[in-house]
Structures are given as C-alpha cells and as structure tokens.
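Chain naming here is simple, since letters A, B, ... match the order of the sequence lines and numbering starts at 1 in each.
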Protein chains: 2
Amino acid sequence: MNKIRVLVFEDNFRLRESLYFLINSEEDLECCGTFPDCKSLERAIQDSQPDVILMDIEMPGMNGIDAVRIIKKDFPKLPVLMQTIFHDDSHIFNAICAGASGYLLKSASSETYAQAIRDVYNGGSPMSGPVARRVLELFQKNIAPANENDYDLTQKEKEVLASLIEGKSFKQIADTISISYETVRSHMKNIYAKLHVHSNTEAVIKAIKEKIV
Amino acid sequence: MNKIRVLVFEDNFRLRESLYFLINSEEDLECCGTFPDCKSLERAIQDSQPDVILMDIEMPGMNGIDAVRIIKKDFPKLPVLMQTIFHDDSHIFNAICAGASGYLLKSASSETYAQAIRDVYNGGSPMSGPVARRVLELFQKNIAPANENDYDLTQKEKEVLASLIEGKSFKQIADTISISYETVRSHMKNIYAKLHVHSNTEAVIKAIKEKIV
DNA sequence: TTAGGAATCCCCCTTTTGTGGTAGTAAAAC
DNA sequence: GTTTTACTACCACAAAAGGGGGATTCCTAA
C-alpha cells in the first residue's frame, strides 16, 4: 500500500523535527520533506510530489496564508492542512478563504495530527469544534437562501428585476423580454412599491442581498 | 455534574428506542424525551428544556429541515444535530442553511453518536469528512474576499461606491461624505471608467458581486 | 523642478429614471 | 356575474444620471 506523502513547512526546528518523526512513525504516512520557510515552495512540491501539505501559518518570510493561496493556484487539488498556535477568527478565516482544507491547532495530540492528515487526504476537512461551528454560522448567514420574503412579486416583475440585476437598462429589458419600454416602466413602478424602494439602484441592492429572483 | 439533556425526534420506533437507550447509557448524557414527529415541537422543547436536539431529517408530517428552521427561530441558541441516512449535497445544504449545528449519518457508531452530541453541546459542529470539505469549498467560493481586482479604485472612489451600494443617490452621497454633488459625479465617472461600466446599476452589481469596497 | 495622480468643483447637453396619471384585456377569484 | 389581478401600454413632467468638457489645489515621485 502506498503511504500518504506529507510535505511539511514549519519554521521551528524542534517542531519540524518532531513532525518528521511523528509522521514517519505512522505506518501509512511518510514525510517526503520538511522546510523552514516557503522560499522554494513550488519547487519543493514539484520535486517531492506530496499528497498532503502540512503548513504552519506563522512563518518568517512568506506566511502560511499566502503560501496556501499560491499552492491552490498552482496545485488546486493538493490539500493543505494548516497548523497554528492561534485559533482566533481572523486566522481561521484567512486560512480557509485562502484555500486551506483543514485547520489544526499545534496543541493537538500526535494521534490527532496523524488522523487529521489521513482525513484531509481522504477528502475530509478536519477542524476543531469551534472552528467548524463558526464556519457553519457564516455559511448560514451568507449562503442560505434566507428569505421567505419574495415581496409578492409577480412572474413578470421577477423577470424584469432579474434583467435589471444583469445591468440592463429599461430599453434593453424591454427588448430582451419582448415587451414595450413603457411596460417595463410600469413593472418597475410596481416593483418599487412592493420592495419599498425608490430607485433602480436600491431595487438591485435589495434583490441581490436578499436573494430575491 | 449536570447531564447533557437530549431531545430526540425520530419517526422510526426501533431507532427511537435505541437512541433513547444509547443516550441514557452514557454517564454524561440524558434523553429528556423522544418524539416520532414534530407536531408539538415547541411545546416539547419548552417542557423538557433540552440542551441538544437530535433531529431526523426524514419524517412524516413536518420534515426535519423545516423543524430546524422553526427551532432556530424560537430557540436560536439550542443546537440541533441532524441525523439522516442520506449524505447528498442537497440534504446537507438544506439542513445547514436551515440552521443545523451538526450533521450525523445514521450509520455512525454509538460512540460517534455520543461524541457528536457532546461536540455540538460544547460549541462544536460534528460533520462527516466530505460534508466538512464541501462546506469549506462553498465557503471559499462565496465568502472569500476573492478578488485581487480592486480595479485600482482610490480611497474616495471606494467611499463613493460604498455609499452607492447603500442605495444613496448622488445628492445623498455628496451630503454624507461632505463633498459637492459635482465631485460625486466626477468620482462616479472615474469609477465607471475603472470598472468598465456605464451606469450606476452596473457599478453596484459589480461592486457587490465582486465584493469590492 | 516638474509631471502626474488624487481630490475638488463647475458648465452644458442628452438620456435615462422616477412619479403621477389613465386604460384595455384576459384570466382568475369571489 | 362582477371584481380583482396580472400584464400590457401610453402620456407628461420632473428629477437624476451619463458623457463631454475644463479648472484648481495639493502632494508625491521622477
């Protein structure tokens, strides 16, 4: 059976060494390289062909966040497991937004480390509990369809609004849905009344933010 | 020590019973009620004062997703752990969007169940690996600042644009940031040129969707 | 020292929107 | 069988926005 090849970026010498031994002491894991910084990031990856990257967030020179961004650009499928001593929101979010596939605290046990590596390799995303919860909460706020309120827009009104959100002018909307310019204006009046707004712009903002249409 | 009070909604009789015993067999857990449906959802919660809800997604009458929505509306802080036999995207997303704090497969072991309950209670969000990964991916796509392109907008231009996406008219923008109407127009012209758009509306759309400002 | 960017303001003219009406028709609701 | 609604369409006038200029000040970088 092929071992999971892990490439480590960690500036602290002792930790780097201990990660190396930790990984190699697992039957199914193999450390294919360790680096104290991200200077030769791309080369290192190209040369050692890892299955998983273990990346420290706090590093001199290029930090782990930027490193992930680069890795995700050049090797989109290579999962990156972030490790850090901090677990505050901003660190987590930056890491995840940059493209990290998992988030590990350095205080984690050896077994947690090993399991997290297996987990990211197998398509999972190990995260500490609070991190996972925070991610879900943001997910709910930002992605959830959210609104019951469709403001009782009629079919045609929704069509017009949809066209509006594509940046079209009234004339263009008239053309695309094949009604007269004046009819578009009529629909707009009704939309404004229903959304309680008084301009094109406000309608668009409301429609986008509340995910109407 | 107080036990974690768990309220169970599960239509299958056998599973309901086994959950009851499973929970009560744990020293730190206590099943404070089981229900085959969500008919008296609010009352049940009010009466039994649970710390955690264990909710089946597939149920006759009101399904688990809608139930979560209601719970989250009336008891926002009460964590809901969803359990299901399906783990396809749509189930997961609906559940999470509705406000679930965790997602458990019914195939999970007793120990996994117990641990997941403790986990949601302690502010975590237990999810199976692929679910977590999927959530992160969507997170990255939707929430991440994403764009390198800030289109070289200057400070003032960003200010104006920010006001614009609050639905303000040029006049109102002029007032709020204390510059003249004509200056606002000047900034707008520059913004249009930089964003390659030709109207208020288009600028707003681009600004919101690409999370400029 | 000077060229250029950022911010400020003004003018003119055209086009697009916003607001207030009116009104016909067909389908659905009462 | 009448009323409501959705959709259609038009007019008129005012207000706002778009597009073309030009101009001044300040500050920074070449």
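A straight line from NZ of B/Lys168 to P of D/dA15 spans 22 Å, rounded to a whole angstrom. Between the P atom of C/dT15 and the CD atom of A/Gln172 lies a distance of 15 Å, rounded to the nearest Å. A straight line from CG of A/Leu164 to P of C/dG18 spans 8 Å, rounded to a whole angstrom. In this structure, A/Phe170 places its CZ atom 16 Å from P of D/dA9, rounding to the nearest Å. Between B/Glu157 atom CD and C/dA7 atom P there is a gap of 6 Å when expressed in whole angstrom units. Following rounding to the nearest Å, B/Ile179 (CD1) and D/dT25 (P) show an atom-to-atom distance of 19 Å. A/His187 has its NE2 atom 17 Å from the C1' atom of C/dG18, to the nearest Å. Computed from coordinates, the A/Lys189 NZ to D/dA14 C1' distance equals 13 Å when rounded to whole Å.
For the pair B/Ser169 and D/dA15, the criterion of a side-chain N or O lying under 4.0 Å from OP1 or OP2 is not met. An OP1 or OP2 oxygen of C/dC9 is reached within less than 4.0 angstrom by a side-chain nitrogen or oxygen of B/Thr183. For C/dA7, the OP1/OP2 oxygens have no side-chain nitrogen or oxygen of B/Ser186 closer than 4.0 Å.
Residues B/Leu41 and B/Ala67 share a closest heavy-atom pair of CD2-O, 3.8 Å. Considering every non-hydrogen atom in both B/Met82 and B/Ala95, the closest pair reads CG-CB, 4.0 Å. A pairwise comparison of heavy atoms in B/Asp56 and B/Asp11 identifies OD2-OD1, 3.0 Å as the closest pair. Minimum interatomic distance between A/Pro36 and A/Arg16 (heavy atoms only, all atoms of both residues): CB-NH1, 3.4 Å.
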Inset, instruction - Evaluate the salt bridge (charged side-chain N to carboxylate O under 4.0 Å, His left out) criterion for residues B/Arg134 and B/Glu137: first the C-alpha distance (whole Å), next the side-chain angles of each, then the deciding distance (0.1 Å), finally the verdict. - result: CA-CA 5 Å; B/Arg134 202 77 190 82; B/Glu137 283 168 0; 3.3 Å; yes
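Side-chain atoms of A/Arg185 come within donor-acceptor range of the base of C/dT19, with a qualifying N/O pair under 3.5 Å.
Against DNA chain C, the stretch residues 197-205 of chain B makes no heavy-atom approach under 4.0 Å.
Picking from D/dC7, C/dG18, C/dA7 the nucleotide with the shortest atom distance to the side chain of A/Tyr192 gives C/dG18. For A/Lys171, the listed nucleotide lying nearest its side chain is C/dT16; candidates were C/dT16, C/dC9, D/dC7.
Each of A/Tyr181 and B/Met188 lies near DNA chain D, and the nucleotide nearest A/Tyr181 is the one positioned closer to the 5' end. Mapping B/Lys156 and B/Glu182 onto DNA chain C via the closest heavy atom, the residue that lands nearer the 5' end is B/Lys156.
Among residues at least two apart or in separate chains, ring pair (Phe, Tyr, Trp, His ring centres under 6.0 Å) pairs with a member in residues 31-57 of chain A are A/Phe9-A/Phe35.
With salt bridges taken as basic N to acidic carboxylate O contacts below 4.0 Å, none links A/Lys73 and A/Glu42.
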